[in-house]
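Only one structure is covered here, and it is reproduced in the block below.
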Amino acid sequence: MTKTRVLTGITTTGTPHLGNYVGAIKPAIAASQDPSVQSYYFLADLHALIKCQDPGRVQESRLEIAATWLALGLDTDNAIFYRQSDVPEITELTWMLSCVCAKGLMNRAHAYKAAVAENEAAGNQDPDKGITMGLFGYPVLMAADILMFNAHKVPVGRDQIQHIEMARDIAGRFNHLFKGDYFSLPEAVVDDRVAVLGGLDGRKMSKSYNNTIPLFVSEKKLLKLVRKIKTNSLEPGEPKEPEGCTLFQIYSAFATVEESAALRREYQNGIGWGEAKTRVFEYLNEQLREPRERYQALMEDPGHIEQVLLKGAERARAEAVPFLDRLRQAVGLGRFV
């Protein structure tokens with residue numbers, strides 16, 4: 001039976017938070033344990049260089065994110081888990097794809113258009129001020145990530161669908177120019193059931209808004225952050241509406257259906273915000289206790305994480321090296337003998 005190939009990249013520019021876990025990590029780890037799926041999970045550290053020129057932060061984030069995925073149960077026997085930068089064939093493929101990708105296609109990329117619009121709104125005479133070739137061309141690198149392993153499905157948010165469509169366009173162009181079925185055309189997978197958690201201020205939880213709750217902060221820090229979650233001014237005893245409440249949403253993302261229903265009844269009975277926050281903290285703390293201990297142990301043993309990633313890179317390159325040799329032959333860069 002041919003396994004479905006599913007690929008997910010994790011940009012290494014921040015510390016994983018509750019929103020990352022609910023939206024991406026939890027469903028991906030479940031998929032990693034599915035024997036009918038060949039999963040590829042990679043630390044997108046080359047992508048990180050586009051928006052972060054702080055080497056210490058990139059290095060720290062790579063370690064934190066790898067430790068997080070391992071602590072939460074990623075099955076690295078089934079899934080292939082690697083650093084993007086450990087598979088140099090990806091960057092070579094990026095160049096090959098760049099040479100068949102129309103510049104006009106990149107002009108339409110959302111991130112590039114947003115950066116140009118920002119410059120124009122600020123009155124800059126140069127609409128490309130501050131825009132690097134990394135930002136401009138990163139959809140090609142993303143296409144190389146996907147096409148190197150001929151991924152069938154790529155789980156993404158709605159804002160990333162365009163990049164999967166670009167990868168399909170580039171793959172089709174390469175296949176046409178070099179007269180072969182080198183690349184399968186990937187499909188974007190958008191799960192609208194995946195929750196988008198609110199942050200401390202009620203907006204979407206995002207490091208851009210500085211409103212996140214990191215997954216593995218200390219017990220004391222977790223309590224402090226939960227107490228900072230924005231609520232309304234309703235007094236204890238007054239019925240409260242769980243819909244639209246960040247506190248209830250975060251609880252429900254981790255709790256069972258029955259546990260969420262029980263807290264919903266407490267809201268209707270007028271639970272005080274202080275008590276509700278204590279309840280949410282205690283529940284989160286208990287859910288995260290064991291993975292937090294595993295995470296801390298992993299962070300203290302970077303050598304183990306390194307070995308896991310090198311093993312993953314070896315498995316990834318076992319596919320990438322012969323495939324790139326085939327592509328070199330296709331474009332005329334093969335050996336003479």
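Atoms considered below: every heavy atom in the structure, side chains included; atoms not considered: hydrogens, waters and symmetry mates.
Side-chain contact between R168 and E187 is present, with heavy atoms from C-beta onward closer than 4.5 Å. In this structure, the side chains of V22 and L18 stay at 4.5 Å or more apart for every pair of heavy atoms. For the pair Y267 and P239, the minimum side-chain heavy-atom distance is 4.5 Å or more. For the pair E89/V321, a side-chain contact is recorded, criterion being any heavy-atom separation below 4.5 Å from C-beta on. At a threshold of 4.5 Å between non-hydrogen side-chain atoms, the residues N211 and M205 count as touching. Considering only heavy atoms from C-beta on, V217 comes within 4.5 Å of P214 through its side chain. In this structure, Y283 and I250 have side chains that are not in contact, with every pair of non-hydrogen atoms separated by 4.5 Å or more.
No more than 12 heavy atoms of other residues, nucleotides or ligands sit less than 6.0 Å from atom CD of E290. Within a 6.0 Å sphere centred on CG of N269, other residues, nucleotides and ligands contribute more than 12 heavy atoms. For R173, the CZ atom sits in a loose shell: 12 or fewer heavy atoms of surrounding residues, nucleotides or ligands are nearer than 6.0 Å. Under a cut-off of 6.0 angstrom, the local environment of CG in D159 is crowded, with over 12 non-hydrogen atoms contributed by other residues, nucleotides or ligands. The environment of K277 atom NZ is dense: over 12 non-hydrogen atoms of other residues, nucleotides or ligands sit within 6.0 angstrom. Atom CD of Q296 is surrounded by more than 12 heavy atoms from other residues, nucleotides or ligands within 6.0 Å.
Separating the CD1 atom in I65 from the CG atom in N20 is a distance of 7.5 Å, to the nearest 0.5 Å. Separating the CG atom in D45 from the OG atom in S61 is a distance of 9.5 Å, to the nearest 0.5 Å. Note that the CG atom of L105 and the CE atom of M166 stand 4.5 Å from one another [nearest 0.5 Å]. Atoms CZ and CD1, from R5 and I146 in turn, are 13.5 Å apart once rounded to the nearest 0.5 Å. Atom OG1 of T278 is separated from atom CG of L223 by 7.0 Å, given to the nearest 0.5 angstrom. Interatomic distance, CD1 of I170 versus CG of N175, reported as 12.0 Å (0.5 Å rounding).
Taking each heavy atom of L93 and A144 in turn, the nearest pair found is CD2-O, 3.7 Å. Shown here for L46 and S85, the closest heavy-atom pair between the two residues is CD2-CB, 4.1 Å. The shortest non-hydrogen separation linking L185 to A171 is CD2-CB, 3.7 Å. Residue K153 comes nearest to V189 through the heavy atom pair CB-CG2, 3.6 Å, listed as atom of the first residue, atom of the second, then distance. In terms of heavy atoms, Q53 sits closest to P55 at O-CD, 3.2 Å. The two residues P127 and Q125 have their closest heavy-atom pair at CD-O, 3.3 Å.
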Evaluate the salt bridge (Lys or Arg N to Asp or Glu O under 4.0 Å) criterion for residues R328 and E92: first the C-alpha distance (whole Å), next the side-chain angles of each, then the deciding distance (0.1 Å), finally the verdict. CA-CA 10 Å; R328 287 189 187 125; E92 185 172 343; 2.8 Å; yes
Check against side chain to side chain contact (heavy atoms under 4.5 Å, CB included), R294 and T68: CA-CA 9 Å; R294 290 194 295 269; T68 296; over 6 Å; no
Going through the checks in order, is the side chain to side chain contact (heavy atoms under 4.5 Å, CB included) test met by Y82 and L43? CA-CA 6 Å; Y82 58 97; L43 304 179; over 6 Å; no
Apply salt bridge (Lys or Arg N to Asp or Glu O under 4.0 Å) to the pair K113 and E118, showing each step before the final yes or no. CA-CA 9 Å; K113 287 173 68 177; E118 195 174 309; over 6 Å; no
Show the numbers, then the answer: is there a side chain to side chain contact (heavy atoms under 4.5 Å, CB included) between V154 and V6? CA-CA 6 Å; V154 186; V6 180; over 6 Å; no
Show your working on side chain to side chain donor-acceptor pair (under 3.5 Å) between Q33 and N78 and close with a plain yes or no. CA-CA 7 Å; Q33 297 160 353; N78 186 35; over 6 Å; no
Walk me through whether F42 and I10 qualify under side chain to side chain contact (heavy atoms under 4.5 Å, CB included). CA-CA 6 Å; F42 66 96; I10 311 105; 6.0 Å; no
Quick one, R264 with E243, criterion salt bridge (Lys or Arg N to Asp or Glu O under 4.0 Å). Give me CA distance, side-chain angles, the key distance, then yes/no. CA-CA 9 Å; R264 182 182 292 274; E243 267 62 57; 3.0 Å; yes
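The hydrophobic clustering, which links ILVMFWY residues whose side-chain heavy atoms are closer than 4.5 Å, places I90 and F323 together. Tracing side-chain contacts under 4.5 Å through hydrophobic residues (I, L, V, M, F, W, Y), one never reaches V37 starting from M148; they form parts of separate clusters. At a threshold of 4.5 Å between side-chain heavy atoms, the hydrophobic network of Ile, Leu, Val, Met, Phe, Trp and Tyr places M299 and L310 in two separate groups. Both L234 and F248 belong to a single network of hydrophobic side chains, linked directly or stepwise wherever heavy atoms of I, L, V, M, F, W or Y lie under 4.5 Å apart. A single hydrophobic cluster is seen to contain both M133 and M106, as judged by linkage of ILVMFWY side chains at heavy-atom distances under 4.5 Å, directly or through other members.
Side-chain atoms of K240 come within 3.5 Å of backbone N or O of E238 as a donor-acceptor pair. Judged by distance alone, with hydrogens and angles left aside, the side-chain atoms of Q38 form no donor-acceptor pair with the main-chain N or O of A151 at under 3.5 Å. Side chain of R108 to main chain of G104: a donor-acceptor pair is present (N/O by atom type, distance under 3.5 Å, no hydrogens or angles). Listed for the S206 side chain is a donor-acceptor partner under 3.5 Å among the backbone atoms of S208.
Using a 3.5 Å distance cut-off with no hydrogens or angles, the side chains of H163 and Q160 do pair a donor with an acceptor. Q59 and R62 are linked by a side-chain donor-acceptor pair at a separation below 3.5 angstrom, with hydrogens and angles left out of the test. Defined by atom type and a distance below 3.5 Å, a donor-acceptor pair is missing between the side-chain atoms of Y251 and E259. Residues E219 and N285 bring a donor and an acceptor atom of their side chains to less than 3.5 Å of each other.
For Y295 and W69, the ring centers sit 6.0 Å or farther from each other. Side-chain rings of F178 and F174 approach one another, their centers coming within less than 6.0 Å. The aromatic ring centroids of Y41 and F81 lie 6.0 Å or more from each other.
Residues satisfying the side chain to side chain contact (heavy atoms under 4.5 Å, CB included) criterion with D128, sequence neighbours excluded, are Y112, V116, D126, I131.
A salt bridge links E60 with R57: at least one charged nitrogen is closer than 4.0 Å to a carboxylate oxygen. Ion pairing of R289 with E293 is absent here, as no side-chain N (NZ or NE/NH1/NH2) approaches a carboxylate O to less than 4.0 Å.
Shown are V140, L324, L147; of these, the side chain to side chain contact (heavy atoms under 4.5 Å, CB included) with M96 is made only by L324.
Using bins of under 30°, 30° to 60° and over 60° for the plane-to-plane angle, the ring pair Y21/F254 lands in the parallel bin.
For residues 203-214, the pairs satisfying salt bridge (charged side-chain N to carboxylate O under 4.0 Å, His left out) are D201-R203, with sequence neighbours left out.
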